[in-house]
Structure formats: structure tokens, C-alpha cells
Amino acid sequence: MGRPRDRQQAQARRAREDLDKGLKRRDAGLAVESWLGLPPEERAPFFERVAGLLREELERLVRDRGGQQARLLALAAHVAAEPALLAGRRDLLWVLFAAAVRARDLGRARRLYAPLKDEIAACAPALHAWLSAFLDGGGQITPDAVAGLPPLPGPDPRLGYDAARSRVKLPAPRSAEEVERSVRLLFALEGRPAALREILLGWIQEAPALASALARAAGPLSTREALRRARAGHGPGLMLVLLGELSRWAREELAADVFLGFRLASAALHRHAADPEALRAFASLATTVATYPEHRPAVVAQAIELPVPETWEAGLKVQLDLYGALLSAPGPLDVRLWARALSLYVRAQESEQEVLREPPPYLAASLSRLLEERDGAPLFEWMTQDVEPQVLSRVLSGIGEDLPMELGERVLEKGFAQQGEGVARAMTRLLLYLVKRRDLPCLTREEALSVKGATWGDLARLLDRVEAVGFEVPEDLRDTVEEADPGKRLPQEMGALYLMMQSIVRGGGQMLGRQRALLRRFQDQALPYSHEVFSLACEEARSSQEALRIAERHLSGTPAIEARIHVMQALFEMSHDAAYKQVKDRMLAQYQDDAPALARALVVVLGSEGPMQLRRELAAALLAADQAYKGERDELYEKMLRLARLYAPRSRKPKTPRAKAPAKTPRVKAPAKAPRVKAPAKRPKVAAEDKAPAEAPRAKAPRAKASRAKAPKAAAEAPRGEAAAPEQMDLPEVRK
Amino acid sequence: VSADPFSVLEIPPTLDSGQVKRAYFRLLAKHPPHQDPEGFRRLRQAYEELTRPGGQAVAYLRAPVDVAAELMAYEERYGAALAQAQAAWQGEQDRQRATERLVEAVGRLTYAEVLGSPLKPPS
């Protein structure tokens, strides 16, 4: 056999080889396929053998009745090409026809049905009618036709048929023309809001080009469904959420639906304030409604009045996102909305253990915009209006502790430039938040220099001390420090951490350079309103003269004698002796005739660990003033008088001269004896590294930076102008 | 003034300022100030609330929803179309189920059963 000359010959040769193989192996599929591959003139000799093999195979398949659909379909394809292979065996032809029908292979089914048609039409005209309708109707029959079919027994699992699916799967629209029909069908059939929303949004995701058409078709139907649910007493929330989402793609077309939906959501929220779904619906629609300038104020007003959700999951996040959307939208900014958003953020951080790492950027951006508007006048007007104290506190702490430092500085700048005590007091509180915040990551040059030279070993020792004062050091930080070379210099980026650890060890009160600068810049405006600012400024004062100036500035705003006592105590503790003496002398001169005021001052002094000398001098001044005092004497006054007699220095009785001869040199008069009272409290102890030697004279003692932390609580926390009741004081002498 | 000025004017909540004006003048004839000063005062306050800048929008968004009336309006617009779509879908489902039944029958009948099939012709 020579080399084939063309392709057809090669195919014929291969077909012959395969046919031979198929017949030998009794593989009906291979035999029939290769037989059909032969040129027509070569088929005849093999016809009988191939047809016999095919019949045997089909009989076996019918007998087994297994899941042989694929095999039957393959054979059906061959027999459809050459029906003569099964001539005279209509029963087997029917089997192949049934396989083609199941596979909806209508072309082959028609060819296979042709030899059966007449016989079936004669014997089973009903079935013939149905089959003809099926084959001619593109694989479908009318529901009317099926009415005549008798009930069939349950399916035989061996046949491998799938049971009909109970869940209807709706086809996604593929063109704009199909959108309306598909959407209507979806709303007509799918009663579950969650599934409905998921399907619809899935369609939009699959075909973004149809999003607008889908939104236009689905928007009103969402509103209708929401109304139906509201009427039935179910929550319309999810359908309204969907409406809000759809309005992104068809804002104008859905305006009427969105307004109605918003009213519905608002009503639902008033009925079920704690329902997160109602809040989501409100937020979703409010964002769209607010894009209409004429409706924005109404939306903002309602958004401000929303009840505060308890937790992050219950809606804090949704509400914050809504405020973010409203604040980020173009248009006039409502200071109440911004304040509400910031207050909510601070509250979320308090209650949810810092659920957000950083404040949302719109808070800072909006504050910046507010400051640009008439120099921040709306913001400062809001602060002096009838604002809830808690809200104002949260807003001030938010600006001071969470928003960028520069922004806080700008608020101070513009706030202190405003007229009015209310704003100045608020700015003073803000200043305190700013100088006490501890999250500043960047070091100023001054601070960088203070860290320069510190080593990993220093940091390790510092961490030991941090743990010793009761703070927990994170394990990874401890590992990093222990793995480092103790003698190696600390890198610059560890500087902030080093300073922070240092401040913890020292009582957490150390300010960074930037904060010191801020305090120096604004302290003059803030001093009249806060004793804490006075204490901080006093600690930072470089000389007693500066401390005196600071004290005078502070007392200009708080002229009560009690405030003077607190100031003197602070000056005394910080070793600003000259300033202390001047304030004291001025006070004694000013109040020398005001016995009740001196009595009040004595209450304050005795209630705290003030200097002993001050007690004595006050007591003496009170006794002196009392001689000319004609006013009312209440119980407290009388009590103070009794105490004053105990504390005041007594003049000694002149001794009777002895009979002895007078001394040659005149005697110096001995100082008056101290009254027999409890020893005066020592000056508060300071941190070990800053402590002055006990023996050292006061004037030479280094300034005690940490002394503020050690100041008696009663004095530090007593409200301005209010003295602690003597009953609460620890005065053993009084009890005697 | 009632929480809802639209109800004072006896109109449904609307953003149409012409409708507000017409309702006001219609009711003004019923409550003239010299005969019904209290009625007039309420009417006037509601009208002023709605006609001040932005007032109508605020009142509209705050107005309660008459769910039954609104639902009726939506049903009129979409109810029939949805019912039609549902019916069409149901027909399609019936058709598919019928076809499935036929196909199943074809697959389960032997040729001998086909020829002796007791099935009656469709009506």
C-alpha cells in the first residue's frame, strides 16, 4: 500500500483502520463513526456488521437503563445521519429519539422522528400531536396541551433526571428593552426585600450600562413595596435603602419617590429610634435629598435631631457616614451639624475603644471651612449659645485632642480675637486640651536635641520605670528594645516614644516644645479664666518676676481672695518666693479691713498644705481686722476666729526684771514662740530626680516641675470662689 | 399651629406653592378675620410657615405620610402592570412545566408502550 496522495485518501485509510479496530473490539460507537467516515461506495460491505453491532449496543443500553444519556446522544447523532442503520428497529430508534428530545436537540429529534411518525400518528394520535407541537414549537408546548397528559409515576432515579427546581431564577436583562419587563417580573415574584435588593444590585453590577434604566424602572416599584410593607406593619427600611441606592443613577427621575421615601423613613425612624435599618434608610435617602439646595436645610435639621445610637453596630457608623456625606457636599456649612458630627465621633471613640484610628477627614476640612467663614464667627456664636455642656466639652476635646494641632491653633487664634467671655472661656479649655495632648508624633528641633544622646539602654531603663509606676509596656516594644544594642544611640524616630515614656515616669505632665510655644502664645488671654493654665504657665515661668506677672494676669480675672490663696500656694510650691511674697503682701494690704474675706481665706489655707507662715499671717490679720468688724458673725466666722487665735503669733508678756544687776549689753528680743499646734506640713515632695535637698534654703531649691501633681487634691479641685467646709478638714486642734 | 401646616390648609403635603396659595384663599373665605379670628390666625400662621423661604420644603419633608393614599396611587400606576407581568411569568412557568412533563414521558415510555398508549388527543 503506497503513500496516500491526498487528504481524502488519508481520511479514508484512517476510517478503514478505525472501522477494523471498532469491529474487532466490538465498539459500536467507533465502528459506526468510522463506517460513516468511509466513502459511500466502500460502506456496503460493512453495513450488516456495523448495523448489527449498533443494535446490540442499543439493546444493551435499553436493558441496563442506566444513566447513558451521553452515549445515547452520540449514537443518535450517527443514526440521524444514516437512519437506515436501524431500519426495521423502530423501538431502538425511539430510544435515540427520546435521548435527543431530552437534550433538546430538536434537529436530530426531527430526523429520528420522521421514520416513526406515521406509526405513532396511527396508534397514538395524542402523543403524536404533542410531539409535533414540541418539535415545531421550538421545544415548547402550550399549557393547554399538557392538560391532557395523564399523571406520571414518580421519576426513576436510575434514569438520572433532575427534579424540577423549585426556586425561580430570573434572567438578567441584556438590553434596555428587556429592563422594564425584567424589573417588573422581579418585583412581581420576589417578595423578600433582601433578595430583591441583591438581585437588582447584581444586575446593575453585571451591566453598568443599564444602571440608569434599571434605576428608573425599579425606583417607583421600591417605593411601592416600601409603602406596602409600611402598611402591613413591616419595616420598610430595606426597600428605602434600595431606593436611596438607586437614586444615585437616576436622581432627577426618582425625585418624587425619593422625597416620599424620605418622609416614610423619617416617620419610621421616629417610631423605631433604635432600628438600625430605619436609620440606614434615612441616611441613604437623606444624602440624595440634601443634594437639592432647597431641601438641604430640612435634611440637616432632621439629621441633627437624630437620636444617638448606643453602639457602633447599632448605627454610630451609619450616622457618622451620613454626617460625613452632608458635610462633604457642596453648599453652606451648618456649624451645628459639624459640631454634632465631631461630638458623635468623640463619643464613639469613648464608648467603642477607639473604633476609628483617625478622625474622618471631613471633620478637619469642615472646621477649616468654618474658620474661613467670617473669621469663624458662626462657630464661636454657636459656642456661646445654649449648647449642652456635654456637647461643648466633646467638641472642644475633639478639636484639641483629635484634629490636627495646626487647626486647633487656628481656632485659638480666631477665638481669642473674638469679643466675649464665653468664647474666651471655651478657648481656654481648648488651650488646655491642646497643651495636654499626647499624640504628637513629630519632634521639634528642641525636643530632638533633648533626646539626642539617649541610648537603647536608656530607653530600656525608662521602660522598667514605666512598668514600676504601674503602666504596661507592650511586649513587642520590649522585645525591640531588648534586642537592640544598649550602648547604641537611639534613632531619631524613637524620640517621640522616649519623651512620652519620660513624661509617664514624671507623672505625664511634660509638654513638648510645640505645646510650650502654644501655651506661651495664648496664656495671657487664657490666664484670667483658668487656674490650670496659671499652674502650667507658672511651671514654665523662667523667673520669679515672670511668675508674678502671670499671677497678676490670672488674678485679674479671678479677684476672689480664695483664688489669691491658691495662687500663693502654687507660687510657694514652685519656689517663686519673691512673687509669693508680693502677692501675699498685696493681699494682706488689700483685705486688712475685710474680716469675713480673711476668714474665708483662712478656711482655704487650713484646708490645704499651705505654708505655715501664711497661716500665721492670715490668722494675725484676721484677729486684727476683727477688732474693727461690726458685721454679722456666722458660725464659720466664729470658728475661724477661734482657729486664728491658735495660729496667730502671741506677743510674750514682759518679764519682771530680776533683782540682778542689769546686763552690760542690751538683750536682743527673742522671736515670738510658735503656737502649740501640729507641725506645719512640709513642702510637697517632688520626683526623685528633681527633688531639692531638704536642708537647702528654699530660695536655692530647683524648681519642682512635678510638684503640681503632688498638690493637695482638695485645693486643686475646689471650685473657684468656694471654700472647703471646715468640717471636712483634718484639723485636730479644732477638735481639741 | 398644627405640626403639619398642610393639614391646616386641608391639602395633602405638596411642593407646589400654587396649590398652597389656592387652598389659603379658599379657606380664607370660610374663616374671615372679623368672623373667625382664631380660625384665621391658625390659617394665617400655617400659610406663613409654608410661604417663608424654604418653609414649604421643610414642612413637606416633615409632613406625615398617608400610607394608604400613597399606596393606592402607586397601585393605580403599577399594580396592573405587575399583575400582568406575574401572569405572563406564570404562563411561561406552566408551559415549561408541561414541556418537562412531556419530555419526561417520552423518556420513560418504551416504543411498545407508545404504540399501545392510552393517551387521549388534546382538546
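Protein chains get the first letters and strands the later ones, always in sequence-line order, with residue 1 at the start of each.
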Student: Nearest 0.5 Å please: distance from the CD atom of B:Q86 over to the CG atom of A:L189.
Tutor: 5.5 Å
Student: Would you compute the distance between atom CG of A:L227 and atom CE of B:M72 and round it to the nearest 0.5 angstrom?
Tutor: 12.0 Å
Student: Would you say the side-chain atoms of A:R102 pair up with the backbone N or O of B:V103, donor to acceptor, closer than 3.5 Å?
Tutor: no
Student: Is atom CD of B:Q84 surrounded by more than 12 heavy atoms (other residues, nucleotides or ligands) closer than 6.0 Å?
Tutor: no
Student: For A:R231, is there an ion pair with B:E75 - N to carboxylate O distance below 4.0 angstrom?
Tutor: no
Student: So A:V299 and B:L61, side chain to side chain contact (heavy atoms under 4.5 Å, CB included) or not? Walk me through it.
Tutor: CA-CA 8 Å; A:V299 174; B:L61 291 183; 4.1 Å; yes
Student: Looking at CG of A:L186 and CH2 of B:W89, how far apart are the two atoms once the value is rounded to the nearest 0.5 Å?
Tutor: 10.5 Å
Student: Return the CZ to CD distance between A:R224 and B:E70, rounded to the nearest 0.5 Å.
Tutor: 14.0 Å
Student: So do A:I120 and B:Y111 actually touch side chain to side chain, heavy atoms under 4.5 Å?
Tutor: yes
Student: In Å and rounded to the nearest 0.5 Å, what is the CG to CG distance from A:L127 to B:L102?
Tutor: 7.0 Å
Student: Could you check whether atom CZ of B:R44 has more than 12 heavy atoms from other residues, nucleotides or ligands sitting under 6.0 Å from it?
Tutor: yes
Student: What residue, out of A:S266, A:P220, A:A98, has the most heavy-atom pairs lying under 4.5 Å from chain B?
Tutor: A:P220
Student: Can you check whether A:R263 reaches B:P13 side chain to side chain, under 4.5 Å on heavy atoms?
Tutor: yes
Student: Measure distances from B:A83 to the heavy atoms of chain A and classify the residue's part below 4.5 Å as side chain, backbone, both or neither.
Tutor: neither
Student: Please lay out, stage by stage, how A:R229 and B:V67 fare under the test side chain to side chain contact (heavy atoms under 4.5 Å, CB included).
Tutor: CA-CA 10 Å; A:R229 295 184 66 79; B:V67 175; over 6 Å; no
Student: Which atoms of A:A99 are under 4.5 Å from chain B, going by heavy atoms: the side chain, the backbone, both sets, or neither?
Tutor: neither
Student: Check A:A298 against B:A57 and note the closest heavy-atom contact, atom names and distance.
Tutor: CB-O, 4.5 Å
Student: At a 4.5 Å cut-off on heavy atoms, which part of A:L221 comes close to chain B: side chain, backbone, both, or neither?
Tutor: side chain
Student: Could you check whether any side-chain heavy atom of B:V106 comes within less than 4.5 Å of a side-chain heavy atom of A:W94, counting everything from C-beta outward?
Tutor: yes
Student: Which bit of A:Y292 comes within less than 4.5 Å of chain B, counting heavy atoms only: side chain, backbone, both or neither?
Tutor: neither
Student: Parallel, tilted or perpendicular for A:F259 and B:Y60, by the 30°/60° rule?
Tutor: perpendicular
Student: With rounding to the nearest 0.5 Å, note down the distance linking OH in B:Y74 to CZ in A:R228.
Tutor: 14.0 Å
Student: What part of A:Q302 is in contact with chain B, defined as an atom under 4.5 angstrom from a non-hydrogen atom: side chain, backbone, both or neither?
Tutor: both
Student: Should we say atom CZ of A:R90 is surrounded by more than 12 heavy atoms from elsewhere, each under 6.0 Å from it?
Tutor: no
Student: Given a strict heavy-atom distance threshold of 4.5 Å, which part of A:V289 is in contact with chain B: side chain, backbone, both, or neither?
Tutor: side chain
Student: Look at atom CD of A:E253 and say whether more than 12 heavy atoms of other residues, nucleotides or ligands are closer to it than 6.0 Å.
Tutor: yes
Student: Is chain B contacted by the side chain of A:R104, its backbone, both, or neither, given a heavy-atom distance below 4.5 Å?
Tutor: side chain
